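To start, the structure itself, in structure tokens.
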Amino acid sequence: MMKADLIIKSNAVFTGLKDEPESLAVAVKDNKIMAVDTKEKIAAYEGEQTKVIDAGDKLVMPGFHDAHLHIMLGSLFSHYCVSLTEAKSAEEAAVKVREYADGKPENQWVIGTGWDHTTWVKKEFPDRYMLDQELADRPVLLLHAEGHYGWVNSKALEIAGITSETPNPEYGVIYKNEKGEPTGILIETAIALAADFAYDFPKEQQRDMVSQFLEHAARLGVTSVNDLYASRAHEKLEAYSVYKEFEDKGELSCRFHLYPPLNGQIEEAKKLRERYASDKLRTAGLKQFIDGVVTGYTAYMLDPYLDKPETRGETAYTKEQLERWVVEADKEGFQIRFHTIGDGAVRLGLDLYEKAQEVNGQRDARHALEHIEVIAPEDVPRFKALGVMPSIQPYHMALMPRESHTTRVGEEKQAYIYPNATLLRSGAEVSYSSDYPIVPLEPMIEIYHAVTRKDFTLNDTWNEQERVTLAEALKAYTAGSAYSVFRENELGTIEEGKLADLVVLDRNLFDVPADEILKTEVEVTLMDGEIVWEKIPAAALK
């Protein structure tokens, strides 16, 4: 009998095929799972060179697959930025920027992220003059917590060439005061006017950013990710060629599924699909934005905003343009993912996919809609009917105070804000993700909010009917995400013949109170049969 390279045994193995963990052992040979059975039967696969991990009562499960994140943006925000998430005011944020800049004199641009005016006492956009008072001689670019607004100082405006005469870019706004002068707030695509300068990183820094991400992902048990186009504002960060360098050197410790922009450049997209087509680095589809965010009134709604009734938001592109792109890409066999936050955007996204079916015929396309923060109940069954996947980020509902949505959306829609269980149990295939770096990469945060629906305060439960079971949450973060990239036969569950992407947690999630989910850490991460993260006592190894 062929012997295993590694055997992992535990009293709690969650294969993803059932709703409870089982007492099992998993034998791994090369990069695949060679057998899953009782500990007694798997013992036959143990040889002199076999490494054995006895996890005891700790949970063994498939590696996490984050179905929506942004690798380079995440690494930038996590390792090369000043964090403003704790700032209680614009003034406090400006001081943090100056203190960070003082410690990084070598950085030409000072980049930050995480500020959120909706959590401040003065719930208004800040301006460039607040930053100028603290740092006037170096350009500053600060991204809002949701990533759809930028706050810059006067030096950044100068370098970007933004003046009172600069027109708004398509689907972007340069905020200006009553005198017509830029205030320092850049909305949506307008962020790119400054970001194209701020993100001009040398290749060596790009390599370091990828390394930082891989280490971070391995420590958290994330073995696969879908790297989605992060908007025109962040196009300068695209680094697919750097990913390929890592793959060629055998240094990719996480599977990257790429989603470049859906923008009508179909021949370029086809080239990318041909260029990146391996089991660790592949072009999986195309992604684009239909709308923006609720807090900026750029999410596209079916009805006017309560506190700004003159608008329903808007679409990033015309319906005709989006339809043309979708039909063309669908015909070429591409999977498509749309950012859709408002109920109007969700309906339009479903309409676009339905149109593609009418023109090109039905196929197993697995198109997806991302976020879905507000939905009309009559659109819920359309996901299953059309074969469209809801892509959900459970922690988003606790990212900011409820009032960021409840003061803008009518009472009749309150029960349909941040749907989760409704979509998951509708019969549609659902995937989970983080949207890193908008929120941390940590899967445990997503799992916790999926099963508890705790809001921003962590005390109150919001729309409790949208809670899901732990098993449902884990499956959505593993098997559901594998399905999202057509890899359910290779990834997402612990089964014989599948790729050996596994994690060992430091406790059994099924046996602890929900609050302990947030304290849970990963002890071992296995990707492609190799241990890429290890934090277990030496005594546990044979």
Side-chain angles (χ1 to χ4, degrees), residues 14-21 59 61-69 217 220-228 254-257 259 282 284-285 287 335-338 340 349 353 364-372 375 380-397 418-436 439 441-451 466-495 498-499 501-503 509 517:
F14 182 73
T15 63
L17 302 175
K18 297 181 179 180
D19 290 337
E20 297 287 338
L59 190 68
M61 60 172 286
F64 288 104
H65 184 152
D66 194 311
H68 178 136
L69 53 63
L220 296 174
V222 177
T223 55
S224 286
V225 300
N226 296 355
D227 183 32
L228 273 59
C254 182
R255 302 183 195 279
F256 288 179
H257 303 89
Y259 284 84
R282 66 174 60 177
K287 189 251 185 162
Q335 181 197 54
I336 302 165
R337 310 180 81 94
F338 273 124
T340 54
Y353 294 148
D364 184 15
R366 302 186 194 180
H367 298 318
L369 295 184
E370 307 290 329
H371 309 308
I372 315 171
I375 190 171
V380 171
R382 297 182 68 196
F383 282 87
K384 180 182 180 182
L386 294 170
V388 175
M389 293 191 68
S391 177
I392 297 172
Q393 301 75 40
Y395 176 45
H396 273 31
M397 55 82 67
Y418 291 108
N420 187 354
T422 294
L423 290 167
L424 193 146
R425 295 168 187 165
S426 70
E429 296 285 347
V430 170
S431 64
Y432 274 3
S433 53
S434 65
D435 197 14
Y436 176 70
V439 302
L441 184 58
E442 174 60 78
M444 294 303 156
I445 299 177
E446 305 296 334
I447 299 299
Y448 172 79
H449 287 282
V451 302
E466 295 300 334
R467 291 173 56 181
V468 301
T469 68
L470 177 60
E472 287 173 325
L474 293 178
K475 287 179 181 180
Y477 225 129
T478 52
S481 297
Y483 186 87
S484 80
V485 289
F486 295 87
R487 303 191 72 176
E488 66 272 21
N489 293 325
E490 301 173 276
L491 302 169
T493 57
I494 300 178
E495 297 181 75
K498 287 198 170 183
L499 293 168
D501 294 3
L502 308 166
V503 296
L509 297 179
I517 295 174

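Note that the structure is a prediction, hence the values are computed from the model and not measured.
Listed here is the closest heavy atom pair of Val451 and Ala473: CG1-CB, 4.2 Å. Contact between Ser431 and Ala67 at its shortest, heavy atoms only, is OG-CB, 3.6 Å. Across Ile445 and Tyr395, no two heavy atoms sit closer than the pair CG2-CG, 3.5 Å. Smallest separation of non-hydrogen atoms from Val380 and Ser426: CG1-CB, 3.8 Å. Between Val503 and Gly63, the shortest heavy-atom contact is CG1-CA, 3.9 Å. Nearest heavy atom pair, residue Ala479 against residue Thr493, reads CB-CG2, 4.1 Å.
Residues that satisfy the salt bridge (charged side-chain N to carboxylate O under 4.0 Å, His left out) test with Glu472, not counting sequence neighbours, are Arg425. Residues satisfying the salt bridge (charged side-chain N to carboxylate O under 4.0 Å, His left out) test with Arg467, not counting sequence neighbours, are Glu464. With sequence neighbours left out, Glu446 forms a salt bridge (charged side-chain N to carboxylate O under 4.0 Å, His left out) with no residue at all. Not counting sequence neighbours, the partners of Ser224 by the side-chain contact (heavy atoms from CB on, under 4.5 Å) test are His65, Arg255, His257, Leu491, Asp501. For His371, the ring-ring contact (aromatic ring centres under 6.0 Å, His included) partners at least two apart in sequence or on another chain are His68, His339, His396.
Here the straight-line distance linking atom CD of Gln335 with atom CZ of Arg366 works out to 8.5 Å at 0.5 Å rounding. Taken to the nearest 0.5 Å, the OG1 atom of Thr478 stands 12.0 Å off from the CG atom of Asp66. Rounding to the nearest 0.5 angstrom, the gap separating the CG atom in Leu470 from the CG atom in Leu509 is 5.5 Å. With rounding to the nearest 0.5 Å, the separation of CG in Leu69 from CG in Leu228 is 8.0 Å. A distance of 10.0 Å separates CE of Met61 from CG of Leu502, quoted to the nearest 0.5 Å. Taken from CG in Leu424 to OH in Tyr432, the straight-line distance is 5.5 Å, to the nearest 0.5 Å.
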Arg282 and Arg487: CA distance, side-chain angles, deciding distance, side-chain contact (heavy atoms from CB on, under 4.5 Å) verdict: CA-CA 12 Å; Arg282 66 174 60 177; Arg487 303 191 72 176; 3.7 Å; yes
Before you tell me yes or no, could you show the steps for Ser433 and Ser481 under side-chain contact (heavy atoms from CB on, under 4.5 Å), namely the whole-Å CA-CA distance, both residues' side-chain angles and the distance that decides it to 0.1 Å? CA-CA 8 Å; Ser433 53; Ser481 297; 5.9 Å; no
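Checking Ser484 against Asn226 by side-chain atom types alone, a donor-acceptor pair falls below 3.5 Å. For Thr15 and Glu495, the side-chain atoms include no donor-acceptor pair closer than 3.5 Å.
Between Tyr477 and Phe64, the angle of the ring planes goes over 60°, which puts this pair in the perpendicular group of the 30/60° scheme.
Between Ile372 and Leu423, the closest side-chain pair of non-hydrogen atoms falls below 4.5 Å. At a threshold of 4.5 Å between non-hydrogen side-chain atoms, the residues Gln393 and Glu370 count as touching. Within the 4.5 Å cutoff, no side-chain heavy atoms of Asn420 are placed close to those of Met397. Proximity of Val430 to Phe383: side-chain heavy atoms (C-beta onward) are nowhere separated by under 4.5 Å. At least one side-chain heavy atom of Pro394 sits less than 4.5 Å from a side-chain heavy atom of Ile392. Here the side chains of Tyr259 and Val485 are in contact, with some heavy-atom distance below 4.5 Å. Between Leu220 and Met444, the closest side-chain pair of non-hydrogen atoms is not below 4.5 Å.
Sorted by first then second residue, the salt bridge (Lys or Arg N to Asp or Glu O under 4.0 Å) pairs that include residues 381-391, not counting sequence neighbours, are Asp351-Arg382, Glu354-Arg382, Asp379-Arg382.
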